[in-house]
Participant: 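One structure, as structure tokens, below. Some questions next.
Both backbone and side-chain heavy atoms feed into the values below; hydrogens, waters and symmetry mates do not. Lettering of chains follows the sequences in order, A, B, ..., and the numbering in each one begins at 1.
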Amino acid sequence: MSEPKFNNSLVRWIDHRLPIFTFMHHEMHEYPTPKNLNYWWNFGSLAGIVLVIMIMSGIVLAMHYTAHVDHAFQSVERIMRDVNYGWLVRYIHANGASFFFIVVYIHIFRGLYYGSYKAPRELLWMLGVVILILMMATAFMGYVLPWGQMSFWGATVITNLFSAIPLVGESIVTLLWGGFSVDNPTLNRFYALHYLLPFVIVGVVVLHIVALHRFGSNNPLGIDVRGNQDTISFHPYYTVKDAFGLGVFLILLSAVVFFLPNSMGHPDNYIPANPMVTPAHIVPEWYFLPFYAILRAVPDKLFGVLAMFAAIGVLFILPWLDRSPVRSATFRPIYKIMFWVFLVDCVALTWLGAKPAEGIYVVLSRLCTAYYFFHFIILLPALSIFETPKSLPKSISKPVLDPDGGGGGMIAVPAAPREKA
Amino acid sequence: MVSAKVIRGFLFASVCFLVSNGAVKAAGGVPVPQQDWTFSGVFGTFDRGELQRGFQVYKEVCAGCHSLNYISFRNLTDLGFKEEEIKVIAKEYEVEDGPNNDGDMFTRTAIPSDTWPAPYPNDNAARAGNNGALPPDLSLMVDARVGGADYLYALLSGYHEAPEGQEVAEGMYYNAYYPGHQIAMPSPLVDDGVEYGDGTKATINQQARDVSAFLAWATEPNMEQRKRMGVKVLIFLIVMTGLFYVSKRRIWADVH
């Protein structure tokens, strides 16, 4: 780890007193990164950039938005029609939310496939789950702000879930609403929290990155970095690779923002909220659909709510459910198949969440929900015991299998934290 | 790069999935025939003649019951009207203003900055005048209905005799495309119900088409600007991403 040399005397003067340039050099420039990361590793930095896009567009929207039941819908339309480029900012923000979830879900499934949640990265993973939960809360409250029909009825349905909690449920719902139904106080507190939570997310993202930089990125082989020959500096190698990935992402986002801006929203949200008229189907945003399907799959309200929260909560204890010492699915023949089965299960739940809760959909929802928990609670612990992993390569630089067949594939040397200069 | 292809494929597939979920079928589950609109597609623009005819249909037919709250007279420049013409159109209407210095509300002729005057002072008055049904505001109709302009066209041209066995309640009308097939709005369009200035024959289908296009504009007056900008942005991003890709290949050339 080299001490950076700065040519600019002002930079040297500042850095001597406040070593921010040295810090940036270590963590963003020199930061040793496994050289074998594939494009699935782009989604972490991408998620960070999308968060910034969301906060920037959101602050501009907040300058023109009015959080009042009588004016919210109108103020959004004013943004769309009369604010200069307001339509652009709002479409970026609304579709950016969907893309944020696409990026984060890919990021999570990448972690699942390559075992990125395993020691020593358990806290890194758990902080990620915290970010996901905060994102969901933020997105949910953001969807309420335009005060359309789906805003209002989505808020009514979701906040009502808390009434399933025994004893204090009703009080909690009253507290969330600030009254006895979803109304102006609800809109105001949701707006306040929708503005607050993204900055809480930024804080947790910082912790997420601190935890990441402790041991560095996992990699497609899932084996530890053995030395300098296995790593390259973050800059320019991964900055340019992330820039390319960002370009591809922006092309896709722009295609939707400019040509299909309402494709991910619900037409009912262009109807002003009306507490007297219930929409035919109350459907949450697509990124909540798998959890919505799990909620509806359980016949009992309380247990449905518990199952929905458990579906996310189970991710917290994932590092202790999957005890296999091998990280990457590349070397876990059974897990590799079960990963794809699990992915299909999640896609099926997303699809089922959008379907009415009747007939065959109920049966399928229950099966898929049962499988979701089976995967985590039964399959992963069992695989840790019964699965025989393939032998692991000796190092990232020499991805050659052990000549004598290896077997077991245990990692001999425990991961070491990055040395700090 | 295989994985890059996979990423793009996955994202494209998810976008397609979401898009395909949105269109084609109206809320009632009746498939809505797709129309060939000038404003659909990447390079779509509004046909000014069609918009002006549609505006005439709105003004002479729909406006009797339906408000258009988010459109101001000044917005009509988008339709190709000159400022002088808009002032003349606005002068046909009286709006309430005030209070004046004596504290009284007064009426005056409309000016271009006024929003389109609503036919009823409030929802209750609208219901009272329409057999209990509330004629919705039309400013956002195309985005607020599954199927958009296709649905509006199908609805407005979809009034027929109710088929055998279809119950139609008192004061309701049969419509093939309305969810539940019973709509409180009587067929608003009749052949030659308006007289087009440009000589176009005002059949029901022609009027339905024109007013649907007009409402597509009213829903999103910035659509043309959005698409024009989108083409430029995409060209820029594709070039930029190409440069990033070349840079990436060069920088990574020495990594083995």
Participant: Of all the heavy-atom pairs spanning L234(B) and A255(A), show the shortest one and how long it is.
Facilitator: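 Shortest heavy-atom separation between L234(B) and A255(A) comes out as CD2-N, 4.2 Å.
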Participant: Does N228(A) have more than 12 heavy atoms from other residues, nucleotides or ligands lying within 6.0 Å of its CG?
Facilitator: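 No, CG of N228(A) has 12 or fewer neighbouring heavy atoms, counting only those of other groups under 6.0 Å.
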Participant: List the atom of G230(B), the atom of F259(A), and the distance in Å for their closest heavy-atom pair.
Facilitator: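 Nearest heavy atoms, G230(B) then F259(A): C-CZ, 3.7 Å.
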Participant: Given side chains that start at C-beta, do those of L246(A) and F244(B) come closer than 4.5 Å, heavy atoms only?
Facilitator: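 Sidechains of F244(B) and L246(A): no contact.
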Participant: With a sphere of 6.0 Å drawn around CZ of R48(B), does it hold more than 12 non-hydrogen atoms of other residues, nucleotides or ligands?
Facilitator: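 Enclosed: over 12 neighbouring heavy atoms sit under 6.0 Å from CZ of R48(B).
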Participant: Would you say that M80(A) contacts Y70(B) through its side chain, given a criterion of any heavy-atom pair below 4.5 Å between the two side chains?
Facilitator: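 A side-chain contact under 4.5 Å is absent here.
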Participant: Answer with side chain, backbone, both or neither: which region of V42(B) has an atom nearer than 4.5 Å to a non-hydrogen atom of chain A?
Facilitator: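 V42(B) touches chain A through backbone and side-chain heavy atoms alike.
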Participant: Heavy-atom distances under 4.5 Å only: say whether D254(B) touches chain A with side chain, backbone, both or neither.
Facilitator: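 Side chain only.
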Participant: Report yes if some heavy atom in the side chain of Y85(A) is under 4.5 Å from a heavy atom in the side chain of Q225(B); otherwise report no.
Facilitator: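 A side-chain contact exists here, since the closest heavy-atom pair is under 4.5 Å.
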Participant: Give a yes or no answer on whether the side chain of R81(A) reaches the backbone of N222(B) with a donor-acceptor pair at less than 3.5 Å.
Facilitator: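 Here the side-chain-to-backbone pair does not exist.
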Participant: Would one find more than 12 heavy atoms of other residues, nucleotides or ligands at under 6.0 Å from atom CD of E83(B)?
Facilitator: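 No, CD of E83(B) has 12 or fewer neighbouring heavy atoms, counting only those of other groups under 6.0 Å.
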Participant: Heavy-atom cut-off 4.5 Å, strictly under: side chain, backbone, both or neither for V231(B) against chain A?
Facilitator: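 For V231(B), the contact with chain A is made by backbone and side chain together.
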Participant: What part of L250(A) lies closer than 4.5 angstrom to a heavy atom of chain B: side chain, backbone, both or neither?
Facilitator: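 L250(A) touches chain B through backbone and side-chain heavy atoms alike.
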Participant: Please say whether more than 12 non-hydrogen atoms of neighbouring residues, nucleotides or ligands are located less than 6.0 Å from NE2 in H68(A).
Facilitator: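 Yes, NE2 of H68(A) has more than 12 neighbouring heavy atoms, counting only those of other groups under 6.0 Å.
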Participant: Does a side-chain heavy-atom distance below 4.5 Å link E77(A) with S139(B)?
Facilitator: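 A side-chain contact is absent here, since even the closest heavy-atom pair is not under 4.5 Å.
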Participant: Could you give the distance from CZ (F258(A)) to NZ (K232(B)), rounded to the nearest 0.5 Å?
Facilitator: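 Separation between the atoms: 10.5 Å.
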Participant: Using heavy-atom distances under 4.5 Å, tell me whether N269(A) contacts chain B through its side chain, its backbone, both, or neither.
Facilitator: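 Answer is neither: N269(A) stays 4.5 Å or more from chain B.
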Participant: Hey, what's the ring geometry for W252(B) with Y237(A), parallel, tilted or perpendicular (30° and 60° as the breaks)?
Facilitator: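 Aromatic pair W252(B)/Y237(A) classed perpendicular.
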Participant: Considering only heavy atoms, which portion of Q74(A) lies under 4.5 Å from any heavy atom of chain B: side chain, backbone, both, or neither?
Facilitator: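 Both backbone and side chain.
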Participant: Any side-chain heavy-atom pair from F249(A) and L237(B) closer than 4.5 angstrom?
Facilitator: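 Result no, sub-4.5 Å side-chain heavy-atom pair not found.
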Participant: Is it the case that atom CD in Q166(B) sees more than 12 heavy atoms from other parts of the structure closer than 6.0 Å?
Facilitator: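 More than 12 heavy atoms, drawn from other residues, nucleotides or ligands, come within 6.0 Å of this atom.
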Participant: Please evaluate residues R226(B) and V257(A) with respect to the criterion side-chain contact (heavy atoms from CB on, under 4.5 Å), reporting the C-alpha separation (whole Å), side-chain torsions for both, the decisive distance (0.1 Å), and the verdict.
Facilitator: CA-CA 9 Å; R226(B) 164 164 68 79; V257(A) 162; over 6 Å; no
Participant: Can you tell me which portion of R74(B) sits under 4.5 Å from chain A's heavy atoms? Options are side chain, backbone, both or neither.
Facilitator: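 Just its side chain gets close to chain A.
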Participant: Pick from M141(B), R145(B), M240(B): which one has the most heavy-atom pairs with chain A under 4.5 Å?
Facilitator: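 Greatest number of close heavy-atom pairs with chain A: R145(B).
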Participant: Given side chains that start at C-beta, do those of I251(B) and K241(A) come closer than 4.5 Å, heavy atoms only?
Facilitator: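 Not in contact.
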Participant: Which bit of A243(A) comes within less than 4.5 Å of chain B, counting heavy atoms only: side chain, backbone, both or neither?
Facilitator: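 Both parts, backbone and side chain.
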Participant: Side chain, backbone, both or neither: which part of I251(A) has a heavy atom under 4.5 Å from chain B?
Facilitator: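 For I251(A), backbone and side chain are both near chain B.
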Participant: For the residue pair I271(A) and A144(B), what are the closest heavy atoms and their distance?
Facilitator: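 Answer, listing the atom of I271(A) first, then A144(B): CG1-CB, 3.8 Å.
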Participant: Taking every heavy-atom pair that is under 4.5 Å apart, which of L140(B), V255(B), D143(B) has the most such pairs with chain A?
Facilitator: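 Of the options given, most contacts go to D143(B).
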